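Computed from heavy atoms alone, side chains included, the values below leave out hydrogens, waters and symmetry copies. Every chain is numbered from 1, with letters handed out A, B, ... down the list of sequences. All values derive from a computational prediction rather than experimental measurement.
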There are 2 protein chains.
Amino acid sequence: MRHPPTLEAVAEAAGVSRATVSRVVNGSPRVRGEVVEAVQKAIAELGYVPNRAARSLASSRTHSIALLVPEEVSRFFGDPYFASFTTGLDRRLAASEYVLNLVVARDDPDRKAVRYVRGGNVDGAIVVSHHSGHEFLAQLEGVVPIVFGGRPEAGISAEPYFVDVDNVAGGRLATEHLLGLGRRRIATIAGPVDMTASMDRLAGFRAAMDDAGLPSTAIDYGNFTAPGAAAAMRRLLEEQPDLDGLFVASDLMATGALRVLAARGIRVPDDIAIVGYDDSPAATWGEIGLTTVSQPSELMGATTVDVLLRLLGGDPDVPHANIVPTELIIRESA
Amino acid sequence: MRHPPTLEAVAEAAGVSRATVSRVVNGSPRVRGEVVEAVQKAIAELGYVPNRAARSLASSRTHSIALLVPEEVSRFFGDPYFASFTTGLDRRLAASEYVLNLVVARDDPDRKAVRYVRGGNVDGAIVVSHHSGHEFLAQLEGVVPIVFGGRPEAGISAEPYFVDVDNVAGGRLATEHLLGLGRRRIATIAGPVDMTASMDRLAGFRAAMDDAGLPSTAIDYGNFTAPGAAAAMRRLLEEQPDLDGLFVASDLMATGALRVLAARGIRVPDDIAIVGYDDSPAATWGEIGLTTVSQPSELMGATTVDVLLRLLGGDPDVPHANIVPTELIIRESA
DNA sequence: TTGTATGCGTTATCAG
DNA sequence: CTGATAACGCATACAA
């Protein structure tokens, strides 16, 4: 592990001062053309790469941002939403000077994540999760700019920057589609009660049912997991066997519900029409394509980066709430 | 974004020198007890967190390692192997002082990944991928210690450190399971002859048969594809119609073999017991679950970290080849 | 346009 | 056991 070349070495090789080399490296316009060339030649020959720690120490900017994911690693990987979100984020980030540091930690016992951010490792952070109540995030308040993928629970941040879809509108959209198909005995499988996204979708469901003059009583909860949704589906069928419509708050949960229906010989969409949420890959895993509300998660990831970069760029009027549109993707299930 | 407290501030608050504070922070044994307490109190009160850039610059250690994944982001997330590998890796790393920097880049046009590592951002790197031929990795040679998850293709690294499964043991494991079921007329469908993984599995098969005093003559090759395996299956049945056991060197090939058996009305496992390899999703595609040899990917991730940490710790005799055991996943086919 | 000098926050090497 | 003090590699006011 030999010693890498420093600015000093490049300067010597090019016959200029360190300051000039630094200017060339940072693309300063006021350096004479031939000097630039000479320096770049020296850089190439020596294989010089700026030392990030030194650069960061001197400029107090790290050129890296953290993606904080307060989830289990397995959960992070298992959920297509995160995959898609991260893809959009990564793509957008690739076009910038920044690099991404992924910090996945469900709980943060040693406060490693907090120490990481507070230790000046990153210029900003993006937080994505389906959960809330991670009060350790409060420790990051005011340290660096933070943008949330999905509106955070109140209490985590006073006036957060976030990117989100209009989940109430999404829930309404799904439900109205079912109503438009003539379904009247419609149930919903919601996500966790401690998550705004989940609760907003439920609110949209209720609003649509109210508007149609129908009772929105068939409600159960699936915790955003397939097994959880399967259990919810069983309970719903027990209470109301003659359901003809179902809105499930995530596609992953929908797969769980579909499995239960298939096992009982209940046909989709003939007997029960189903609308999911997310337009994740899970929507097309099964025999029949799932009609679903599309969360443009890739766009959300990209937008989150945009917002953060504007913040880092010192843009004075970045909006706190950044809402991206949802749309209904119609397939076979409804 | 206020100015975070520095060592200096802590030193002043505790009435000692910076050097002493540094010692306390780094757990040096030779500091008087009461002084330690005073310093820790000051640290807590000020909410001091060491600045990583400065620390890294001074000590030339970053306490972070990179996970380099030369794949598409979507591929990285979609593949259960990576998910599981990363889970094991992350768990092991959580117990250490290190943090993980994820760098996913299929191609590296701007050499961002290379620059990142060469820029002194990490103390070491772990590389996982299904692909080979990523010559950009050669640029990292000698910069920091690197450990590969899975033996890298020759040419990427002269004498690489890597973690891999023991394919010979895997082939043996599968075959011995068949023998343990009382099967005696056992055939195998191997992979390509020019792949070590494939040949090692075959060697394991032969060794197990030898040990059992049985002839290992029923051998054919399926090129790791389902059609190839189907053809091999037909040839094997032609030569020896009374087979009662079969070891197929990949689950994908097993699906091809199973199709042939089904077409001929040969029952699995009643007539022929089958063991596959990989524990891939293909193992559960069919009607009957495939008993298969699984790569303990989570263990591999953890082991990769272990190896790297030993390297970083200056351990003089870390083995280059680190082989982890395989395990048998028993389902219905054998 | 270029060079000089200083400081960024820590660690590490000396003395004491 | 503790305190000065010199690096660490780079960016950047300030001079020239």
Side-chain angles (χ1 to χ4, degrees), chain A residues 1-40 42-43 46-64 97 115-116 118-121 123 143, chain B residues 1-40 42-43 46-64 97 115 118-123 143:
Chain A
M1 313 294 148
R2 59 190 168 284
H3 222 67
T6 69
L7 253 198
E8 181 87 50
V10 176
E12 194 171 356
V16 297
S17 74
R18 297 193 315 232
T20 298
V21 177
S22 176
R23 291 189 185 100
V24 172
V25 169
N26 292 294
S28 165
R30 40 188 180 186
V31 180
R32 206 166 11 126
E34 27 183 312
V35 175
V36 172
E37 281 178 33
V39 171
Q40 282 174 337
I43 288 177
L46 296 174
Y48 168 74
V49 174
N51 178 304
R52 211 146 184 153
R55 174 179 269 194
S56 157
L57 185 57
S59 67
S60 64
R61 266 173 303 145
T62 64
H63 283 287
S64 58
E97 276 293 294
R115 292 177 63 84
Y116 188 71
R118 301 202 59 159
N121 279 50
D123 295 340
V143 177
Chain B
M1 311 294 146
R2 58 189 170 283
H3 223 66
T6 70
L7 254 197
E8 183 87 50
V10 175
E12 192 171 356
V16 297
S17 73
R18 297 192 315 232
T20 298
V21 177
S22 177
R23 291 189 185 99
V24 172
V25 170
N26 293 292
S28 165
R30 41 188 179 186
V31 179
R32 206 164 13 122
E34 24 183 314
V35 176
V36 172
E37 281 178 34
V39 171
Q40 283 174 336
I43 288 177
L46 295 175
Y48 168 74
V49 174
N51 178 305
R52 212 143 180 158
R55 174 179 266 186
S56 158
L57 183 57
S59 66
S60 66
R61 266 173 302 146
T62 66
H63 282 288
S64 58
E97 276 293 296
R115 294 176 61 83
R118 300 199 60 156
N121 280 53
V122 295
D123 296 341
V143 177

For A:Val36 and A:Arg18, take the nucleotide of DNA chain C holding the closest heavy atom to each; which residue's nucleotide lies nearer the 5' end?
-> A:Val36
Enter the distance from [X]:[atom1] to [Y]:[atom2] here, rounded to the nearest 0.5 Å.
{"X": "B:Asn121", "Y": "A:His63", "atom1": "CG", "atom2": "NE2", "value": "11.5 Å"}
{"X": "A:Ser17", "Y": "A:Glu8", "atom1": "OG", "atom2": "CD", "value": "10.0 Å"}
{"X": "A:Thr20", "Y": "A:Leu7", "atom1": "OG1", "atom2": "CG", "value": "10.5 Å"}

Counting any heavy atom closer than 4.0 Å, what does [X] reach on the DNA or RNA strands: base, sugar-phosphate only, or nothing?
{"X": "A:Val21", "result": "nothing"}
{"X": "A:Val25", "result": "nothing"}
{"X": "B:Leu7", "result": "base"}

Can you find a pair of side-chain heavy atoms, one from A:Val21 and one from A:Val16, that are under 4.5 Å apart?
->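 Heavy-atom side-chain distance check passes, below 4.5 Å.
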Are B:Thr6 and B:Asn51 side-chain neighbours, meaning at least one heavy-atom pair lies under 4.5 Å?
->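 No - every pair of side-chain heavy atoms lies 4.5 Å or more apart.
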Between [X] and [Y], what is the shortest heavy-atom contact and its length?
{"X": "A:Pro5", "Y": "A:Leu46", "answer": "CG-O, 3.4 Å"}
{"X": "A:Ala38", "Y": "A:Ala14", "answer": "O-CB, 4.1 Å"}
{"X": "B:Ile43", "Y": "B:Val25", "answer": "CD1-CG2, 3.9 Å"}

Pick the nucleotide of DNA chain D nearest each of B:Pro29 and A:Thr6; which residue has the one closer to the 5' end?
->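 Nearest-nucleotide comparison on DNA chain D picks B:Pro29.
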Residue whose closest nucleotide on DNA chain D lies nearer the 5' end, A:Glu8 versus B:Ser17 =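 Its nearest nucleotide lies further toward 5', so the answer is B:Ser17.
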Got a donor-acceptor contact below 3.5 angstrom from the B:Ser59 side chain to the B:Arg55 backbone?
->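 Indeed, once roles are kept as given, a pair shorter than 3.5 Å links the two residues.
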Side-chain donor or acceptor of B:Thr62 paired with backbone N/O of B:Asp123 under 3.5 Å =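 Yes: the side chain of B:Thr62 pairs with the backbone of B:Asp123.
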Contact boundaries on DNA chain D for chain A, cut-off under 4.0 Å to non-hydrogen atoms = D:dG9 to D:dA13
Interface with DNA chain D, restricted to residues 49-60 of chain A and to heavy atoms under 4.0 Å | A:Pro50, A:Asn51, A:Ala54, A:Arg55, A:Ala58, A:Ser59
From the 5' end of DNA chain C to its 3' end, which nucleotides mark the outer limits of contact with chain B, defined by a 4.0 Å heavy-atom distance cut-off (strictly under)?
->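 In short, chain B contacts DNA chain C from C:dG9 to C:dT13.
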